[in-house]
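One structure is given below, encoded as structure tokens.
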There are 2 protein chains.
Amino acid sequence: MTTRPPEAGPEAGEAALLRTVTSFDRLLGLLRRLSTPDGLSLTAASTLYRLEEFGAHRVSDLAVAEGVTQPGMTQLVSRLERDGLAERRSDPADRRVVAVAITPAGRELVRHRRRARAAKLSELLGDVSAEERAAIELSLRVLERLAAASPPAAVPVPTPTTTEPGTDPAADPGRGT
Amino acid sequence: MTTRPPEAGPEAGEAALLRTVTSFDRLLGLLRRLSTPDGLSLTAASTLYRLEEFGAHRVSDLAVAEGVTQPGMTQLVSRLERDGLAERRSDPADRRVVAVAITPAGRELVRHRRRARAAKLSELLGDVSAEERAAIELSLRVLERLAAASPPAAVPVPTPTTTEPGTDPAADPGRGT
DNA sequence: AGTTTTACATCACCTGCTTATAGAAGTGTC
DNA sequence: GACACTTCTATAAGCAGGTGATGTAAAACT
């Protein structure tokens, strides 16, 4: 662990990449330690966050965005609906489409979860320097951006209206291609 | 998204923390996109990495280190053993204990996986600036360190010998408390 | 109108965890 | 040195959350 500046040689970057990959594969273990007892799986939480931030989505767009198959997302939406956290709305313009939207209860749970996990994360970051903390915050945002931009471009609702995202019950779930 | 220096006010850190938590919960989706077809779950990969880097571990230590229950780890070890990637050795000093060690085939697979995922990650990081890339590398190492240090301190084998870690078949899997 | 494509749901199945419990081996007590 | 107690791993039963294959209805093409 030499304190190598980022502009080191190219093969040094190669070695660092291998280390980074290892750390990557260990992330799930860390996520498990942050677990909160709200009964929400990681995919469920991420989906709810998305619905809250960007408004209604069609099922297939959610599937791509979360990196699961369409049947998997259909089932997840069914679970969310059963628990009152999301709801299905039919699109009058295209009756094949289902628009999935978050419910007030879903919003409430998202708020609670965010706070609970923030507290846990804050505790976990107790011994971390401000510099490292800043690096974590930056890199997680970058990684999130990468996830959104990667393979088949899972672009959420383009929010064509000027309403608050996710608050418009008639938000157009048009596909994001 | 102002380019705020890390020494900003305390309540600004609070808001950033909430964003960070959200990104955190989305990490699984990103991990799914990196998937390689080697049939290794994230926990399995992380466990193999650990065995490769730090040598033999007892089952319960692995369970703590990976954040799963002891029966869960017993089953994972059984799967690894069935696939020839790890093996159980009995500890003559304490016959309750099982020392789990990686096999040559396991090492081989770890090498392949690391390279395959490094290639995928490298591709994913194509548009990322060197600065952001350095932040990612740093933060992942910090997060890995945090995971290792958090709850009941899952310290691996102290490697009392001077042999290459993980290459000594008789590495003492003494508990790390 | 007939074919093809798109969008979602359903089905059967599997992996990877969980909790509860059992069993075997070490440890401390008297 | 027999007893209770603790520690370590394994087993059993069950559930959540995925997958791939397929069904069904609506839209789009020609």
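Sequence lines set the chain letters: A, B, ... in the order given, protein chains first and strands last, and positions in each chain run from 1.
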(request) Please report, rounded to the nearest Å, how far the P atom of dG17(D) is from the CG atom of Leu42(A). (result) 10 Å
(message) Whole angstroms only, please: what is the CZ-P distance between Arg88(B) and dT9(D)?
(response) 10 Å
(request) Find which nucleotide of DNA chain C each of Gln70(A) and Leu28(A) is nearest to by heavy atoms, and output the residue with the more 5' nucleotide. (result) Gln70(A)
(message) Strictly below 4.0 Å: does Thr74(B) bring a side-chain N or O up to OP1 or OP2 of dT9(D)?
(response) no
(request) Consider the side chain of Asp94(B), meaning its heavy atoms from C-beta on, and name the nucleotide among dC17(C), dA25(C), dG18(D) that approaches it most closely. (result) dA25(C)
(request) Using heavy atoms and a sub-4.0 Å distance, could you list which residues of residues 77-84 of chain A are near DNA chain C? By number, please. (result) none
(message) Between Glu123(A) and Lys120(A), does any NZ, NE, NH1 or NH2 come within less than 4.0 Å of an OD or OE carboxylate oxygen?
(response) no
(request) State plainly whether the residues Glu108(B) and Arg113(B) are in salt-bridge range, i.e. N to O under 4.0 Å. (result) no
(message) Let's test your reading of the model: under 3.5 Å, does the base of dT9(D) pair with the side chain of Arg96(B) as donor and acceptor?
(response) no
(message) Please report the distance, rounded to the nearest Å, between CG in Leu76(B) and C1' in dA10(D).
(response) 14 Å
(request) Nearest-nucleotide wise, let me know which of Ala93(A) and Gly67(A) is further upstream toward the 5' end of DNA chain D. (result) Gly67(A)
(message) Can you tell whether the side chains of Arg111(A) and Glu52(A) come within less than 4.0 Å, N to carboxylate O?
(response) no
(request) Check the distance between dG17(D)'s C1' and Glu66(A)'s CD and give it to me in whole angstrom. (result) 14 Å
(request) Tell me which of Arg95(A) and Ser41(A) sits closer to the 5' end of DNA chain D, going by the nucleotide each one is nearest to. (result) Ser41(A)
(request) For the side chain of Val68(A), starting at C-beta, report the closest nucleotide among dA7(C), dA10(D), dG18(D). (result) dG18(D)
(request) Find out whether the Lys NZ or Arg CZ of Arg114(A) is both under 6.0 angstrom from the six-membered ring centre of Tyr49(A) and within 45° of the ring's axis. (result) yes
(request) Please report, rounded to the nearest Å, how far the P atom of dA26(D) is from the CG atom of Asp91(A). (result) 14 Å
(request) Could you tell me whether Arg89(A) and Glu87(A) make a salt bridge, using a distance below 4.0 angstrom between a side-chain N and a carboxylate O? (result) yes
(message) Counting distance alone, no hydrogens or angles: does the base of dT9(D) have a donor or acceptor under 3.5 Å from a partner atom on the side chain of Gln75(B)?
(response) no
(message) Pairing donors with acceptors under 3.5 angstrom, does anything connect the side chains of Arg141(A) and Thr20(B)?
(response) no
(message) One thing to verify: whether Glu81(B) and Arg88(B) come together as a salt bridge, which I'm taking to mean a side-chain N less than 4.0 angstrom from a carboxylate O.
(response) yes
(request) Figure out the CE/C1' separation between Met73(A) and dT19(D), and round it to whole Å. (result) 14 Å
(request) Indicate whether OP1 or OP2 belonging to dT6(C) is found under 4.0 Å from a side-chain N or O atom of Arg58(A). (result) no
(request) Among the candidates dT9(D), dC17(C), dC8(C), find the nucleotide nearest to the side-chain atoms of Val97(B). (result) dT9(D)
